[in-house]
Every structure is written in structure tokens, then in C-alpha cells.
Amino acid sequence: MSIVRMPEIKATGSPEFEEIFNQYSRFVYRTAYAVTGRHEDAEDVLQTIFLRLARHEIASDVLKNPKPYLYRSAVNVSLNVIRSRSRAANLRNDALHVKPETEPDSIFDEELCHRLREAIGQLKPEAAEILLLRYAHNHSDAEIARMLGVSRGAIALKLFRLRARLKKLLRTAMEARHETS
Amino acid sequence: MKRPDDDINKTLDRLLRKVGDADTYQMEQRVASVAQSLRAQIEPVRDVLRTYAHDVNTTAPKPRWRFAFAAVLIATVAIGVYAAQRSGLISAVLPIQRAVAPQAPAAQTQTVLVNPSRASEPATTAARAGGSRAPVVTPGGRGPVRTTAEEIAFLQSTDTGGRRLQFAAASVRQFYDPDDHSAGVPLNCRGVDGVLFPVPDYQNMPPTPQGRCVTTRENIVYVIKGAFSSSPLRAGWDWAGEKCCVIGVPDWRPPYFNIQATADDPSRVTKAELQQMLQNLLIDRFKLKFHREIREEDGYVLTVAKSGVKFKETSGPEMQPQRGMGPAVPIGEARGLTQLGAFVPSVWKGNFRMEEIVKTLQSMFLFKPVGDKTGLKGLYDITLNIQRRSSGAGAGPRGARDNSAPAWEFDPPVPQALEQQLGLHLERGKVPVEYIVVDHIEPPSEN
């Protein structure tokens, strides 16, 4: 696998911007990808967020600790993207777009992933944030609590409820598959 | 003992991790692309800021209130001038300038070279055809081109004060995915005043966000045509086929591109401004150079019949004929004359300008350029009944590849229907058609 060299943004006027970009761009990208499930959308989200940052459209105190801001922005912008996309998909009636050459199990996995993303898209941004920090970024409950400024217990409870909700969705999908097979 | 929930838990864990698992190679590529794009946008701003900071530091210190006062004064004057210009006050104060402009000596050449430094002009200036007053058909099928006086008025109305309009962010990628058989999204841009090249409803495309130009899997020819056409038609469709009127583009394999571009201020940008940004994008990223040529083509000329017109001027809302059996729709909606197909309407009824009639004749009935010599400039209440008769396999515009004759037949024949129902006379004749001749184009620079 070839490695793409990351072009550094020249440190001309605002070194902190380059630093922030180099430090958090992949974090933002990964978050956006986890929500949207598409590289194109993740790229758009990344560009939108850092363009705002570059234009100083955010409060300066955010720069002191940009991670929570970037993360929230990534989740919110991504949720907006998938909501607008789902409206379009309803029109196009191709919401479940799977490649025919994929193995049946893999197709089912893809379908489940798609449903999960849909479910995440319907969550409140705060809930989606917690879920993604836990599973897309492998943060512990304590880290999430620190980052979002809430107690660890609250995070654990929230995650438990979210998992219960997603399990229900999963169980329904799996039962439906059993019936059809 | 294994609990029944174990499987579900494991599957959920696995899927949740899969959901967040972005392919590293793709991610690195795209992050790099965004970094480059951001750098391109940020550097000029920073240069200005650095220059400004340098000036401020090297000049003698002055009281701050003077700077503040001067800034407020300059801003007020600038806003006042801009508002006056937008409201037409300046053009009313300076009527002499406009009156004199049309009398400028007509150039003899019919070729207009594009100056990349004034990218906002080519779409319109070239259509002047060397100052000729003869009606010229544009590549977008806009019908009669403006006269020189109209052209100057148009340029003044779209003047951006010498500002070079550019997208705040633009991603251009060559499209190559052998597994993707989707139709792609035709080039379209959404401004505050509507959609440039509206995508027809039946294509069920996702709506383009405000202030953006988007296209996926679009042939570069259509993009050029869309950027430098002032026609509201979809870029790719025209009277003589998809690639009409843009020549000299290299045979790139594949010739398709995905473009996503966002304006600086999406909430205020207009269609015309987006089109200018698209022009600058092609000039900057593809190093596009071209000139325009006016060529005489076999086509049709539309005049008022001896009996006189059989429709009346109206003041109702302007409309465009819709495909299919539905009623005409307000102009600018994403329906109408955008694609050839089996949906030729049997009845047109609505308030149309001659420009719309000419475009419809070109793109849906005659498939040849139509020159408008009726001299009718108003909005008219028009009703026309016309039926398409099937003419066998291969019929239709796709069948008429040699442009020798329309492949579809109509009942009554189009000239007869126009004469009897509208009092318009249609006859064969030579029509000047504008071509975009590409002199130089290269694969786009990196995002």
C-alpha cells in the first residue's frame, strides 16, 4: 500500500491553525466518515469545518481546546449531511445501495451498517457524539466524560441506553433475515 | 453459560467498529486534498493580512480613532455606491454612457479571444459577434443573442466591480470507477435567484445546496459549455446533440469529472455569480484557453407571418413550456426544456417569451438552430397544439445524427402549426451559431 504524504500547510500567519489541522484532521475525518459512511461526505465535512476555523468564524477561546468543538462540529455537520442525503435517497429510492458482487454475509453486514448509520443519524447530536467517541475513536468512558464535561456515570448510562436501542434494531433485522432465509 | 444476548452484543460491537473504520489510504488521500485546498484559499488572505500588518507597523503611529473614522467613512461610501449601482441609480444618472456605447465601431473579426484575467466576460462578450446585429444562436440554445447595446447593458448589470469571483472551496476530480454505472448528477448550480441549468424533476437528483455548483460524472465538454453559456438549458443538451458547439477538447479517457464547489457566501450568491466562478475555475484549474467563432449553419428562421401574430401580450407570470402533458411552469423551475426524449408536449399554454419558444423549437421539435427575427420582445399568452407522430425505430433527436432532417414528425407539421395557430412563419435558412473553440486545456491541477 502506498503512503500519501500529507502536505503541510505553511506556517505563515497562524501556526496554531496548521497545528490544529495536522493534529485533528484525521479525527474529524474519521468522525464524519463514521456518521456519513462515505469518503466524499467526510471530505466535505472536513473542509467545511476547517474553512470555518480558518476564517475565524469561531470564538478564539475555542482554539485553546479545539477538540470538543471540532468533534461536535464534525458530528453536527455530518448529521446534517446524512439528513439531507436521506431526503434525497427517499426521492431516488436507492437508500440501500449494495454492490452485487459482495458475498451474501457481507451484504447483510453492509445492510446492518447502513441501518446503524441511519439510526445514528436519527439520534440527538449529544447521543451520537458519545456513541462515536466510544466506538469510532475507542475512547474510554472516562475520556469521553472529560471531553464532554459530564460525569462518567452519565456517559455509562447513556451508552447503555444507546446500546439497548441499537440492539433492538439489530435483533429485528436479524430476525427478519432468519424468516426470509 | 452463553447468554442469548451475547451474539447480539458481539455483532453490535463489531458493526459499530466497522461503522467507524475508515480506510486509511483513502482517508490520507482526502485529508491531503483538503489540506491543499485550504492552503490555496488561506494563503492569499494571509498575504493580505501580512502586508496590512507590515504597513501598519512601518507607518507612524496615529490615534486609533482616526483609523476607525476613516474605515467607517470608506465603508459607508462603498456601500452607498454599491447600493446605487444595484438599484440602477448610477445608470440613470449616466444615460449618456449607455447611449453612446452601441455606436462604437463594429469590429470586423468574428473571433473573440478570451482574456483569462477577465474571466467574467467571455460568456457574454463573445456573443457580440464582432458587434454584428445579426441574431446569433448560442451553444446553449439561448436563441437570438443580444445586440451590442443589449450586451453592454447586460455586462453592466452583472458587473462585479472588477472583483474576480472565485469559489471559496472547489474539489475537481477525474471520475473513474468502472463499477459505478449510475447516471451521475448533471452540472447545476443553485444561487439565491434559482438554479442554473435546472435538473429535470424526473431525474430525481438530490437538490443542490444553496451557493454550490455540483456535478458528478459529467463530461468536461458539458462543463465548459455550462460555464460559458448564458443559457438556462442544461449544459449538455442542445439542438444538435450533446457536444454541440464546443470543439477542440482532447479525447481524454475518461472525460468525466466530479466537481463540488462552494461559494464564499452561499446565502447571497446568485446564479450569474456562480457561473462566473465556474468560468474562473476552468481557467485556473484546467488552464483553459479558448476563443469563440461564429459559423453559419443550416437551420430555420422565425419571422412574423403576413397575417400577423395571433397571440396577445400579457403581464402574467413568465413561464416555460413543460415537457409531458402538464401545464407550463414558472420560469426557472427544474422542469422544462432540459432533455430530449419522449415527453414532447402536445399542448403548450402559458405566458412565454419568444426566447422560450425558440429554445423549445430548437431542442424539442426541429433539432437545428433557429434564428429569431420576429422582433417580438414582450411576454405573450400563447397556446399551441401539436402532436408528435412516431416515425419508427431510431426516431428522435438521437436518430438525427447527421442533422440533415428532424427524425420526428409532427401533426400538424411544425411550420404549419406555427403559421396557423400563432401567426409565425418558419423557413429554412442560414443561422449564425456561436462555437467555443478550445485552444488549450490540460488535466486539472490538484485540489
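Residue numbering restarts at 1 for every chain, and letters A, B, ... go by the order of the sequence lines. What you see is a predicted model; the values in this text were computed from it and never measured.
Taking the side chain as every heavy atom from C-beta outward, N9(B) and R163(A) approach each other to under 4.5 Å. Put simply, the side chain of L12(B) reaches to within 4.5 Å of the side chain of L116(A), judged on heavy atoms. Side-chain contact between T262(B) and D44(A) is absent, with no heavy-atom pair separated by less than 4.5 Å.
The 12-atom threshold is exceeded at NZ of K287(B), counting heavy atoms of other residues, nucleotides or ligands nearer than 6.0 Å. Around atom CZ of F286(B), more than 12 heavy atoms belonging to other residues, nucleotides or ligands sit under 6.0 Å away. For R161(A), the CZ atom counts as loosely surrounded, since its 6.0 Å shell holds 12 or fewer non-hydrogen atoms of other residues, nucleotides or ligands.
For L169(A), no part lies near chain B; criterion is any non-hydrogen pair under 4.5 Å.
When all heavy atoms are compared, the tightest approach of Q47(A) to A170(B) is NE2-N, 4.2 Å. When every heavy atom of D13(B) is checked against every heavy atom of Y135(A), the shortest pair comes out as OD1-CE2, 3.6 Å.
A search for salt bridge (charged side-chain N to carboxylate O under 4.0 Å, His left out) contacts involving E40(A) returns R30(B), not counting sequence neighbours.
To the nearest 0.5 Å, the span separating CG on L16(B) from CZ on R117(A) amounts to 10.5 Å.
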